[in-house]
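To start, the structure itself, in structure tokens.
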Amino acid sequence: MTTVDPDGIYYLGPKGSFSHEAALKIDGSHVEVPSISEIFDRVSMGGIGVVPVENTLEGPVNETLDNLYTRQGIYVNKRIDMKIDLVLASRPDANLQSITRVYSHNHAIHEARNTLSKLGLTNFIPVNSTSKAAQLALEDRHSAAICSRFAASLYGLKILKENIQDGVNITRFLVVSRNLTEDGERSIVLFTVPDVPGSLFKVLEKFYLHNINLSMIYSRPTKIIPWNYYFYLEFEGSIAETRRMGLLDELSEVTQELKIVGSYITVPAT
């Protein structure tokens, strides 16, 4: 039976992942787990989770969005933005010419593919995390990992190439728990609308009429009814304020399903 530390900070491991670095900004006992969905499993029983939600180069992290939609009683409390500086790292006895394969998380592969292709590296092998890639590269002298400097140092790897990301690379992480926060800088709601013309417009119009700025919106399949979608929406301001102005009641009238995910503050970068 899985035990949960009520003071645990759960993140996507192994140690040395970017999720690990983000989790270290939150005080507590840091615990690695093998998947984003398992982070939500642990949070549903107690503790806090740190999950990636969006990257400036690769867009949304669908596993996080889907868990926020399907899970009940899990809310967003904080946001952590991390600048992602990727490195190509391998064993101390390796060199760039000896590398025939490159391990990393699929997002990191896409974020560095163009730069590495110019170096003649095209054999990319996706794994669960950048830190898992670092572990594998340590075991295989003809391989390298796309990972962080933190992971390279943690696993004793030699950095072969620095700053291999193809552009400005920032990942946004969310801190989730079973506690609903209604005060914060921004807020998140999830909703579905009837499959008729103008349904989404009616929702967005409510924010316009209340002069509330929308900062992010994505659609994802519900996976229940074919070609049926839910929407993930972030807006400036707090749930408490939108409740006072009556916006939540108005949204309930023009949506089929409306789920309040909470308001959040941003953890300062250090």
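Hydrogens, waters and symmetry mates play no part in the numbers below; they use all other heavy atoms, side chains included. Start at 1 with the first residue, then count along the sequence.
The minimum heavy-atom distance linking Val189 with Ile260 is given by the pair CG1-CD1, 3.8 Å. When all heavy atoms of Ser117 and Thr122 are compared, the pair lying nearest together is OG-CG2, 4.3 Å. Of all the heavy atoms in Thr181 and Val76, the pair that sits closest is OG1-O, 3.3 Å. The heavy-atom pair separating Ser187 from Ser263 by the smallest distance is OG-OG, 2.7 Å. In terms of heavy atoms, Leu136 sits closest to Ser143 at O-OG, 4.0 Å. Across all their heavy atoms, Leu160 and Ala94 have their closest contact at CD2-O, 4.3 Å.
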Evaluate Glu162 against Arg149 for salt bridge (Lys or Arg N to Asp or Glu O under 4.0 Å), listing each step before the verdict.
CA-CA 9 Å; Glu162 297 192 68; Arg149 291 184 180 86; 2.8 Å; yes
For side chain to side chain contact (heavy atoms under 4.5 Å, CB included), just list the numbers for Ile159 and Leu88, CA-CA rounded to whole Å, side-chain angles, deciding distance to a tenth of an Å, and then say yes or no.
CA-CA 6 Å; Ile159 294 176; Leu88 183 71; over 6 Å; no
Is there a side-chain hydrogen bond (donor to acceptor under 3.5 Å, both in side chains) between Tyr218 and Glu234? Walk through the geometry before answering.
CA-CA 9 Å; Tyr218 289 115; Glu234 289 195 22; over 6 Å; no
Could you go through the side chain to side chain contact (heavy atoms under 4.5 Å, CB included) check for Ile74 and Val43 one step at a time?
CA-CA 7 Å; Ile74 295 180; Val43 172; 4.1 Å; yes
Determine, stepwise, if the pair Leu68 / Leu190 fulfils side chain to side chain contact (heavy atoms under 4.5 Å, CB included).
CA-CA 8 Å; Leu68 287 173; Leu190 302 172; 4.1 Å; yes
Go through Glu182 and Tyr75 one step at a time and tell me if the side-chain hydrogen bond (donor to acceptor under 3.5 Å, both in side chains) criterion holds.
CA-CA 10 Å; Glu182 294 199 353; Tyr75 305 98; over 6 Å; no
Might you work through the side chain to side chain contact (heavy atoms under 4.5 Å, CB included) test for Gln165 and Thr115, ending with a clear yes or no?
CA-CA 7 Å; Gln165 62 274 5; Thr115 298; over 6 Å; no
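At a threshold of 4.5 Å between non-hydrogen side-chain atoms, the residues Val203 and Val193 count as touching. Counting heavy atoms from C-beta outward, Ile188 and Tyr232 have side chains that approach closer than 4.5 Å. Taking the side chain as every heavy atom from C-beta outward, Ile48 and Val175 approach each other to under 4.5 Å. Proximity of Leu248 to Ile239: side-chain heavy atoms (C-beta onward) are separated by under 4.5 Å at one or more points. You'll find the side chain of Gln72 reaches within 4.5 Å of the side chain of Lys259, heavy atoms only. Residues Ser90 and Leu157 form no side-chain contact, since every pair of their non-hydrogen atoms from C-beta on lies 4.5 Å or further apart. Side-chain contact between His210 and Glu250 is present, with at least one heavy-atom pair separated by less than 4.5 Å. Contact annotation: the side chain of His105 never approaches that of Ile146 to less than 4.5 Å [non-hydrogen atoms, C-beta and beyond].
For the pair Arg244 and Glu241, the salt-bridge criterion is met [side-chain N within less than 4.0 Å of a carboxylate O]. Under 4.0 Å is where a charged nitrogen must lie from a carboxylate oxygen, and between Asp81 and Lys25 no such pair does. The residues Arg91 and Asp140 are annotated as not salt-bridged, no charged nitrogen and carboxylate oxygen being separated by less than 4.0 angstrom. Taking 4.0 Å as the cut-off between side-chain N and carboxylate O, Asp93 and Lys158 do not count as a salt-bridged pair. Asp166 has no carboxylate O lying under 4.0 Å from a charged side-chain N of Arg113, or vice versa, which leaves the two without a salt bridge.
With hydrogens and angles disregarded, no donor-acceptor distance shorter than 3.5 Å links the side chain of Thr255 to the backbone of Thr192. Using a distance-only test at 3.5 Å, with no hydrogens or angles considered, a donor-acceptor pair links the side chain of Ser17 to the main chain of Leu12. At least one donor-acceptor pair under 3.5 Å links the side chain of Thr222 to the backbone N or O of Asn228. With Ser153 contributing its side chain and Phe150 its backbone, the two residues share no donor-acceptor pair below 3.5 Å. Not one N or O on the side chain of Ser238 forms a donor-acceptor pair closer than 3.5 Å with the backbone of Gly184. A distance-only check finds no donor-acceptor pair linking the side chain of Tyr155 to the backbone of Ala137 [under 3.5 Å]. At least one donor-acceptor pair under 3.5 Å links the side chain of Glu63 to the backbone N or O of Ser37.
The distance from the OG atom of Ser252 to the CG atom of Leu258 is 5.0 Å, given to the nearest 0.5 Å. Here CD1 of Ile109 is found 11.0 Å from CG of Leu86. Values are rounded to the nearest 0.5 Å. To the nearest 0.5 angstrom, Glu236 atom CD is 4.0 Å from Asn213 atom CG. Atom CZ of residue Arg220 and atom OH of residue Tyr229 lie 10.0 Å apart, to the nearest 0.5 angstrom. Taking CD1 of Ile26 as the start and OH of Tyr11 as the end, the distance is 14.0 Å to the nearest 0.5 Å. For the atom pair CG of Asn67 and CD1 of Ile39, the computed distance is 9.0 Å after rounding to the nearest 0.5 Å.
Aromatic ring centres of Tyr10 and His30: separated by at least 6.0 Å.
Under the 4.5 Å side-chain contact rule for hydrophobic residues, Met82 and Ile9 share a cluster. Leu233 and Val176 are members of different hydrophobic clusters when ILVMFWY side chains are connected at heavy-atom separations under 4.5 Å. If you chain together hydrophobic residues whose side chains sit under 4.5 Å apart, Leu204 and Leu247 fall into the same group. Note on Ile125 and Leu116: separate hydrophobic clusters, where clusters join Ile, Leu, Val, Met, Phe, Trp and Tyr whose side-chain heavy atoms are under 4.5 Å apart, directly or indirectly. Cluster annotation: Leu57 and Phe18 are assigned to distinct hydrophobic clusters (Ile/Leu/Val/Met/Phe/Trp/Tyr, side-chain heavy-atom contacts under 4.5 Å, transitive).
Crowding of Lys161 atom NZ: a count of heavy atoms from other residues, nucleotides or ligands under 6.0 Å not exceeding 12. The environment of Asn106 atom CG is dense: over 12 non-hydrogen atoms of other residues, nucleotides or ligands sit within 6.0 angstrom.
Side-chain contact, Ser131 with Ser129: a donor N or O sits under 3.5 Å from an acceptor N or O. In summary, the side chains of Thr266 and Glu185 do present a donor paired with an acceptor at a separation below 3.5 Å, with no hydrogens or angles considered. For the 3.5 Å distance criterion, the side chains of Asn169 and Asn55 qualify, holding a donor opposite an acceptor. The closest side-chain donor-acceptor pair between Gln256 and Tyr230, if any, does not fall under 3.5 angstrom.
The aromatic rings of Phe207 and Phe235 sit tilted relative to each other, their planes meeting at an angle between 30° and 60°.
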